[in-house]
Amino acid sequence: MSPVNWYKLLIIVSAFSIHLCGEIQGADWPENPNIVLIYADDFGWSDTSFMGSQYYETPHLDQMAKEGMKFTNAYSTTPNCAPSRACLMTGLYTPRHGIYTVASSERGESKDRKLIPTPNTTALDSKFVTVAEVFKEAGYATGSVGKWHLGGGLEGGPLGHGFDYGVGSENLGRNRSHFAPYENPTLKEGPEGEYLTDRLTEEAIRFIEMNQSNPFFLYLPHYTVHTPIQAKKEMIEKYRDKKPDGFQDDPTYAAMIESLDEGVGRILTSLDGLGLREKTLVLFFSDNGGHGAYTDNAPLRGAKGMLYEGGIRVPLVASLPGVIAGGKTSDTPVIGVDFFPTFCEVAGIPVPDDLELDGQSFVSLLQGKERAGDRALFWHFPAYLQKYSYAHGRGGDKIWRTTPVGVIRRGDWKLLEFFED
């Protein structure tokens, strides 16, 4: 064979090898994988031992981090509950769907407000396509278990936004109690004294068992660790004599965290028992930073309701044994609007052509690759939130946790523009 023909053969073999490598890499992700998103409420960046807490105990989340990847620069899209959930479901920033805050944007006394706040929407309009609707259309079973906070009734709740299964989806920002009786119209009443975190975990496991033979997308938005701060008595006692870690010193809050962590462990054990663990991407995330009256987000500044880091930077861990390498850390910034395109890429579901999502998939990060480009992240919060009666960390002023503000982070720089001044 002439040198030229050898060269042509080498090119063909090389191209074939590259093609095979691409197929092998793609085959690392299971076909039609299940997705479980455990979404905590008001769970701070420093509220797990895998992120450095010496007071809170989170052995199951720590194990997830050892088996998978933790993100040190993961962000909620807003500093409070409802708008973060709207962004997560739609893949859109707040100005696109109009849910900027919880309830009214006109907080406090009008004499203390220098601006007229942007009017706020409190329910997600049905014109916005949710990630659940896309997955349902693709043949997935879809379940929402826990806090919804994006509208009430059949049309406004999860069943009206793409979920086949909706349990515990009260539209209030908080549940009446973390112990039964719950008085939650979408949750069958439990025996008196039953703990809500345990009950929602049981409902989630029931959904997994019902759909073990089919691909499923499970959204598990817990009410924990949102107020009221309530926990099991025996767990509270465990933390009473434990040495605080800075201002992480509330035994009841710590016990709430431990119950949530136990629930994570039960979900993972259930998946293992059903032979689904290596076919299920499990993620743990939070809707905003920790509540400044009950926890300490140090070394971050500020707390829930502020656009400083303590109000919007949150824990994120992702685990899928055999696909996501264990014990890995990503420092690349990701944000709540990124979950929609990420889930679609993981499942091999095309994002509908008419959707202009604001987020970017972070699948490449889960695969251990850096994401190309140095993109900016954005927050727009044209509303007022009153100051806590007391709060750990710095931020806010004598009246407000935050006044209307726009925020950009790019690279290592972050700009907050407070619109009043």
Side-chain angles (χ1 to χ4, degrees), residues 22-39 64 67-69 85 88-91 129-146 148 157-169 200-222 263-264 266-285 316-324 336 338-353 355 357 359 361-367:
E23 289 186 342
I24 291 170
Q25 289 173 356
D28 285 345
W29 291 93
E31 185 178 2
N32 299 321
N34 307 310
I35 295 174
V36 174
L37 174 59
I38 303 169
Y39 198 43
M64 268 188 70
E67 294 176 351
M69 175 177 286
R85 295 158 198 275
L88 185 77
M89 284 290 107
T90 64
V129 176
T130 68
V131 62
E133 289 175 299
V134 172
F135 270 70
K136 183 176 181 178
E137 182 68 23
Y140 271 66
T142 54
S144 174
V145 177
W148 178 244
L159 298 182
H161 288 280
F163 287 99
D164 304 307
Y165 184 84
V167 173
S169 54
L200 294 181
T201 298
E202 291 171 6
E203 297 289 349
I205 291 173
R206 184 174 293 113
F207 173 82
I208 292 171
E209 291 173 344
M210 288 190 305
N211 295 284
Q212 59 184 290
S213 300
N214 307 297
F216 59 80
F217 169 59
L218 171 61
Y219 175 51
L220 175 53
H222 277 287
V264 172
R266 290 178 60 196
I267 295 289
L268 297 177
T269 298
S270 175
L271 292 169
D272 279 328
L274 295 171
L276 298 175
R277 186 69 182 90
E278 295 184 353
K279 194 181 178 181
T280 306
L281 172 63
V282 181
L283 306 99
F284 178 85
F285 191 46
L316 170 60
V317 59
S319 176
L320 179 52
V323 178
I324 301 174
D338 292 340
F339 283 76
F340 194 139
T342 298
F343 291 163
C344 286
E345 184 173 353
V346 164
I349 300 173
V351 176
D353 292 336
L355 296 186
L357 302 183
S361 169
F362 53 84
V363 165
S364 62
L365 301 179
L366 298 175
Q367 294 173 325

Quiz item: Would you say N34's side chain and F216's backbone share a donor-acceptor pair under 3.5 angstrom?
Solution: yes
Quiz item: How long is the gap from CE on M69 to CD1 on I324, to the nearest 0.5 Å?
Solution: 7.0 Å
Quiz item: Considering all heavy atoms of both residues, which atom of A132 and which atom of H161 are nearest to each other, and what is their separation?
Solution: CB-O, 3.7 Å
Self-check item: Beyond-backbone contact of E202 with F207, side-chain heavy atoms, under 4.5 angstrom
Solution: no
Exercise. For the pair L355 and F340, evaluate side-chain contact (heavy atoms from CB on, under 4.5 Å) and give the outcome as yes or no after the intermediate values.
Key: CA-CA 11 Å; L355 296 186; F340 194 139; 4.0 Å; yes
Self-check item: Shortest non-hydrogen contact between P158 and S144, atoms and distance
Solution: CB-CB, 3.8 Å
Quiz prompt | Inter-residue atom distance N211.CG - R206.CZ, 0.5 Å rounding | solution = 12.5 Å
Practice problem: Might you work through the side-chain contact (heavy atoms from CB on, under 4.5 Å) test for F217 and V131, ending with a clear yes or no? | Solution: CA-CA 9 Å; F217 169 59; V131 62; 4.1 Å; yes
Exercise. For side-chain contact (heavy atoms from CB on, under 4.5 Å), just list the numbers for L220 and L37, CA-CA rounded to whole Å, side-chain angles, deciding distance to a tenth of an Å, and then say yes or no.
Key: CA-CA 6 Å; L220 175 53; L37 174 59; over 6 Å; no
Self-check item: Non-neighbouring partners of I205 that pass side-chain contact (heavy atoms from CB on, under 4.5 Å), sequence neighbours left out
Solution: T201, E209, R266, I267, S270
Quiz prompt | Atom of V134, atom of P350 and distance for their closest heavy-atom approach | solution = CG1-O, 4.3 Å
Self-check item: Partner residues of Y165 under the side-chain hydrogen bond (donor to acceptor under 3.5 Å, both in side chains) criterion, sequence neighbours left out
Solution: E203
Practice problem: Apply side-chain contact (heavy atoms from CB on, under 4.5 Å) to V363 and list each qualifying residue two or more places apart in sequence or on a separate chain. | Solution: W29, T342, E345, V346, S361, Q367
Quiz item: Taking only residues two or more places apart in sequence, or in another chain, which ones meet T90 in a side-chain contact (heavy atoms from CB on, under 4.5 Å)?
Solution: L92, H97, L124, F128
Quiz item: OG of S319 to CG of L281: how many Å apart, nearest 0.5 Å?
Solution: 8.0 Å
Quiz item: Stepwise, does the ring-ring contact (aromatic ring centres under 6.0 Å, His included) test hold for F339 with F285?
Solution: CA-CA 10 Å; F339 283 76; F285 191 46; 4.5 Å; yes
Self-check item: Student check: side-chain heavy atoms of V351 and L357 closer than 4.5 Å
Solution: yes
Quiz prompt | Atom of L200, atom of G146 and distance for their closest heavy-atom approach | solution = CD1-CA, 4.0 Å
Exercise. List for me each residue that meets ring-ring contact (aromatic ring centres under 6.0 Å, His included) alongside H222, sequence neighbours excluded, and say none if there are none.
Key: none
Exercise. Identify the heavy atoms of M64 and V282 that sit nearest to each other, and give their distance.
Key: CE-O, 3.5 Å
Quiz prompt | Side-chain touch I38/V264, heavy atoms, less than 4.5 angstrom | solution = yes
Quiz item: Once the angle between the rings of Y219 and F163 is folded into 0 to 90°, is it parallel (under 30°), tilted (30 to 60°) or perpendicular (over 60°)?
Solution: parallel
Quiz item: Looking only at heavy atoms, what is the nearest atom pair of Q212 and L274, with distance?
Solution: OE1-CD2, 3.4 Å
Quiz item: Are P321 and R277 close enough that some pair of their side-chain heavy atoms sits under 4.5 Å apart?
Solution: yes
Quiz item: Within the side chain of D164, is there an N or O that forms a donor-acceptor pair under 3.5 Å with the backbone of T142?
Solution: yes
Quiz item: Rounded to the nearest 0.5 Å, how far does CG of L320 lie from OG1 of T280?
Solution: 7.5 Å
Quiz item: For the side chain of E133 and the backbone of T130, is there at least one donor-acceptor N/O pair under 3.5 Å apart?
Solution: yes
Practice problem: Can you sort out the partners of Y140 under ring-ring contact (aromatic ring centres under 6.0 Å, His included), two or more places apart, ordered by chain and number? | Solution: F135
